[in-house]
Engineer: 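Attaching a single structure in structure tokens format; questions to follow.
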Amino acid sequence: MTKRILRIIVITFVSLPLMAQERDDLGRMQTLIERMAYQEALDWADSCRLLGEEALCLKAKAQSELGRLSEAIATYRTIINVAPLNPTVYRLEAELHISMQDYKAATEALRSGYERTSDISTGYSLAKLLVHLGQDSAAMAVTDQILRQDSVAPVIRLRAKSLKTLHRPQKAIELLENQLRRDSTDFLSLIDLASLYAQLGEIRLMEKATARYLKIDSLNTSLLLLHAEAMMLLQEADSALQDYECVIRQGNMPTAFKDLFYCGLAFYKAERWGQAEAFFSRADAAAYEQNYMAKYYYAMCAFRQEQWAEAEKRMANALELIQPKTDRLTEVHTILGRCIAEQGRTENAISHLRYAVEYDRGNSEACLLLGQCFERMGNRSGAIHMYRLVVDKERYSSAQTDAEAFRRLAEARTRLSLIGPEEEEEENL
């Protein structure tokens, strides 16, 4: 018994210096890696014969940083053989496969890691990769297995995403609603839920869900933007503007096209042209100048401020995105006609206004402007014809309740009374 104890003591005293030395060697290797001296770290590991799990992890990191990915993967495989229950190693190996665009190998590494360790983070990484690869049914099987272990919010959101992709939005909504009943502070799940409501046209549900959360966290930028979007879709621009101004006061300028556009529209409806203009400009840039509505309202901001030359330039850019014979053509040509006429280029204005009337004979604004241009050009009969078209349309329309229609009707009647009757009007105007 005494000899056995002595043997243990001797072994302990011999091992302690060796363990201390190995710890020092590992520390040196770690320091070299932190200094990005990766090759020196590898040389040091070889010279010291560092072969433990921690040393091999450091070696794999150095190899991957040097771009020697295949060697790093081989090192991770060696670690797995030594320590098959370390889930982190499977994820690190998968990351290298992904960087090499070998998604099959990455999937196999993660699947093997999850099957061996039942580690939720590894399972989540597997499901996330499967979703990225468009394998949503396979991802559903993995998330189902994870959720039997624990109700993990990121996994629930990922499963909801797969359900949406698989055209089962109601199931996705049910899943997210249950999660929020469990945790009412999970605003990331609420964001996904609100977005689903919007896609299904359930705008009132979207508004109520976001408003409910804002009562407990009134400065949450993401939820403020979603609530503002709901307000805009419900035609309640004043309420939306309050949300947008709250976001802006926090210094959190919107960046997504949708948020920039709706924010600009809220300011536009409040007749705050300068601020609306800034947001439509950003929205135009965010859409890579390929969104007609952003260009249109950007032009209209200049138009409302009577910046005729700038409005003409911007509206001409919007015109380039409109396909022939669409319902937007008449409106854009009308605005262009007005801008050009205000700059004194009457003949060019007439050309645009003729297009507007050709696309829509009921466009009273274009007819009125065309009549005014004909007057300036001395075409008395053409002016009378246009003014009569306006009177005929607005007399029995909404002129009694529509201020703009009433303005056009009054203007046309006034001009007709000043010009006087014309017995024979010109044809082929």
Side-chain angles (χ1 to χ4, degrees), residues 53-54 56-57 60-61 64 72-73 75-99 102-197 199-200 209 212-213 216-217 220 222-223:
E53 182 180 348
E54 186 175 353
L56 287 173
C57 284
K61 177 176 175 57
S64 63
I73 289 170
T75 302
Y76 282 131
R77 298 309 303 170
T78 299
I79 298 170
I80 289 170
N81 290 333
V82 175
L85 299 182
N86 183 345
T88 304
V89 180
Y90 295 96
R91 296 199 296 274
L92 291 171
E93 181 193 344
E95 287 176 12
L96 293 181
H97 287 304
I98 290 170
S99 67
D102 189 348
Y103 299 112
K104 181 180 179 181
T107 303
E108 290 173 353
L110 291 170
R111 192 180 299 280
S112 175
Y114 183 51
E115 289 174 353
R116 290 183 179 184
T117 67
S118 298
D119 176 65
I120 288 176
S121 294
T122 305
Y124 175 73
S125 295
L126 172 60
K128 189 175 180 181
L129 178 58
L130 291 169
V131 168
H132 174 73
L133 296 174
Q135 300 177 26
D136 288 277
S137 295
M140 287 281 289
V142 177
T143 55
D144 183 55
Q145 188 174 347
I146 296 171
L147 293 175
R148 288 199 207 102
Q149 296 173 250
D150 194 4
S151 297
V152 185
V155 177
I156 289 171
R157 290 193 291 273
L158 190 63
R159 185 175 178 82
K161 183 177 181 180
S162 291
L163 284 165
K164 182 181 72 172
T165 303
L166 294 169
H167 308 293
R168 298 165 64 187
Q170 290 297 343
K171 284 291 184 182
I173 286 174
E174 181 181 334
L175 186 67
L176 292 169
E177 287 177 338
N178 288 337
Q179 165 60 14
L180 286 165
R181 277 191 282 271
R182 282 190 296 268
D183 181 5
S184 61
T185 66
D186 181 6
F187 76 92
L188 292 175
S189 293
L190 178 57
I191 288 171
D192 289 351
L193 178 60
S195 298
L196 273 170
Y197 283 147
Q199 290 172 20
L200 294 179
R212 186 164 53 246
Y213 184 88
I216 60 173
D217 184 4
N220 187 302
S222 298
L223 270 300

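The figures that follow rest on heavy atoms only: side chains count, while hydrogens, waters and symmetry mates do not.
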Engineer: Are His97 and Glu108 side-chain neighbours, meaning at least one heavy-atom pair lies under 4.5 Å?
Structural biologist: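 Counting from C-beta outward, His97 and Glu108 never come under 4.5 Å.
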Engineer: Checking side-chain contact (heavy atoms from CB on, under 4.5 Å) for the pair Thr143/Ser162: CA distance, chi angles, key distance, verdict?
Structural biologist: CA-CA 10 Å; Thr143 55; Ser162 291; over 6 Å; no
Engineer: How many angstroms lie between CG in Asp183 and CG in Leu190, if you round to the nearest 0.5 Å?
Structural biologist: 11.0 Å
Engineer: Indicate the atoms forming the closest heavy-atom contact of Val142 with Gly123, along with that distance.
Structural biologist: CG1-O, 3.5 Å
Engineer: Working to the nearest 0.5 Å, report the span between CD1 of Ile73 and CD of Glu95.
Structural biologist: 11.5 Å
Engineer: Nearest heavy-atom pair of Arg159 and Met140: which atoms, and what distance?
Structural biologist: NH1-O, 2.9 Å
Engineer: So which of Leu180, Asn178, Asp186 actually passes side chain to side chain contact (heavy atoms under 4.5 Å, CB included) with Arg182?
Structural biologist: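 In the set Leu180, Asn178, Asp186, the residue that makes a side chain to side chain contact (heavy atoms under 4.5 Å, CB included) with Arg182 is Asn178.
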Engineer: Are Arg111 and Leu130 side-chain neighbours, meaning at least one heavy-atom pair lies under 4.5 Å?
Structural biologist: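 Heavy-atom side-chain distance check passes, below 4.5 Å.
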Engineer: Applying salt bridge (Lys or Arg N to Asp or Glu O under 4.0 Å), which residue pairs with at least one partner in residues 119-146 are found, sequence neighbours left out?
Structural biologist: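 Qualifying pairs: Arg91-Asp119, Asp144-Arg148.
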Engineer: Flag the pair Thr107 / Gln135 as yes when at least one side-chain heavy-atom distance between them is below 4.5 Å, and no otherwise.
Structural biologist: no
Engineer: What's the shortest heavy-atom distance between Leu96 and Ser64, and which atoms?
Structural biologist: CD2-CB, 3.8 Å
Engineer: Minimum heavy-atom separation for Ile98 to Ala106, with atom names?
Structural biologist: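 Scanning both residues, the minimum pair turns out to be CG1-CB, 3.6 Å.
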Engineer: Please report the shortest heavy-atom distance between Ala153 and Gln179, naming the atom on each side.
Structural biologist: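 Taking every non-hydrogen atom into account, CB-NE2, 3.6 Å.
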Engineer: What distance do Ile146 atom CD1 and Ser118 atom OG have between them, rounded to the nearest 0.5 Å?
Structural biologist: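 It is 10.0 Å, given to the nearest 0.5 Å.
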Engineer: How long is the span from the NZ atom in Lys161 to the CG atom in Leu176, to the nearest 0.5 Å?
Structural biologist: 13.0 Å
Engineer: To the nearest 0.5 Å, tell me how far Ile120 CD1 sits from Gln145 CD.
Structural biologist: 10.5 Å
Engineer: Is there a side-chain contact between Ile79 and Leu92 (heavy atoms, below 4.5 Å)?
Structural biologist: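 Contact flag for Ile79/Leu92 side chains = no.
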Engineer: Would you please test Ile191 and Arg157 for side-chain contact (heavy atoms from CB on, under 4.5 Å) and show each step?
Structural biologist: CA-CA 10 Å; Ile191 288 171; Arg157 290 193 291 273; over 6 Å; no
Engineer: Shortest non-hydrogen contact from Tyr90 to Leu110?
Structural biologist: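 Where Tyr90 meets Leu110 most closely, the heavy atoms are O-CD2, 4.2 Å.
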Engineer: Go through the steps for Leu223 and Asp217 under the test side-chain contact (heavy atoms from CB on, under 4.5 Å), then give the verdict.
Structural biologist: CA-CA 9 Å; Leu223 270 300; Asp217 184 4; over 6 Å; no
Engineer: CG of Leu133 to OH of Tyr103: how many Å apart, nearest 0.5 Å?
Structural biologist: 7.0 Å
Engineer: Show, in sequence, the C-alpha distance, side-chain angles and deciding distance for Leu175 and Arg168, and conclude whether the side-chain contact (heavy atoms from CB on, under 4.5 Å) test is met.
Structural biologist: CA-CA 11 Å; Leu175 186 67; Arg168 298 165 64 187; over 6 Å; no
